[in-house]
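See below for the structure under consideration.
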Amino acid sequence: MDLASAEKTITVKSSSVELSDAFRDQAQQGIARVAGKYFGHLNTASVHVSREGSLFRCTVNIQMGALKTMSAESQDKDCYVAFKAALEKVEKQLRRAKRELREDKPTRVDKDQALRDGLSPEPSA
């Protein structure tokens, strides 16, 4: 996924913290990397940072393709570390969803039987 199209679908907001352009760029690049790695089609994504006492709370929401919205939250003294931890949690959810879809495919008994019939030697008459 290219970053130009990702900027339109990724929102980075804060309620009580002034976010730098570097943080916004890192958040957009991180989400674009995760989206490209697992499913490729990012519908929407959002990052929200808020301050709670001495900690930053970062919430990451990603909605890809026809999947449900994946959401994760993390707290840390550094907002970059909080974002990275939340993104890793969402990445784990996407990895598990992809594995579940891949393993959920039924086996094709008819195709398997056709291959076995084609490989077996013909009886001689």
To the nearest 0.5 Å, atom CD of Gln26 lies from atom CG of Asp21 at 13.0 Å

Here the gap from Ile62 atom CD1 to Leu67 atom CG, rounded to the nearest 0.5 Å, amounts to 11.0 Å

Under the rule for side-chain contact (heavy atoms from CB on, under 4.5 Å), what residues qualify as partners of [X], not counting sequence neighbours?
X	value
Ala86	Val60, Ser74
Thr44	Gln63
Ser54	none

In short, Gly65 meets Asn43 closest at the heavy-atom pair O-ND2, 2.8 Å

Between Ser14 and His48, the two heavy atoms sitting closest are C-NE2, 4.1 Å

| Under 4.5 Å between any side-chain heavy atoms of Leu101 and Phe39, yes or no? | yes

**Message:** Between Leu42 and Ile10, is there a side-chain heavy-atom distance shorter than 4.5 Å?
**Reply:** yes

Under the salt bridge (charged side-chain N to carboxylate O under 4.0 Å, His left out) definition, can you give me all pairs with a residue in [range], not counting sequence neighbours?
range	result
residues 38-50	none
residues 57-78	Glu52-Arg57, Arg57-Glu73
residues 83-97	Arg33-Glu91, Lys37-Glu91

Sequence neighbours excluded, the answer for side-chain hydrogen bond (donor to acceptor under 3.5 Å, both in side chains) partners of Ser71 is Asn61

Please evaluate residues Val47 and Leu19 with respect to the criterion side-chain contact (heavy atoms from CB on, under 4.5 Å), reporting the C-alpha separation (whole Å), side-chain torsions for both, the decisive distance (0.1 Å), and the verdict. CA-CA 11 Å; Val47 177; Leu19 297 176; over 6 Å; no

Residues pairing under ring pair (Phe, Tyr, Trp, His ring centres under 6.0 Å) where one sits in residues 56-93, two or more places apart or in two chains, turn out to be Phe23-Tyr80, Phe23-Phe83

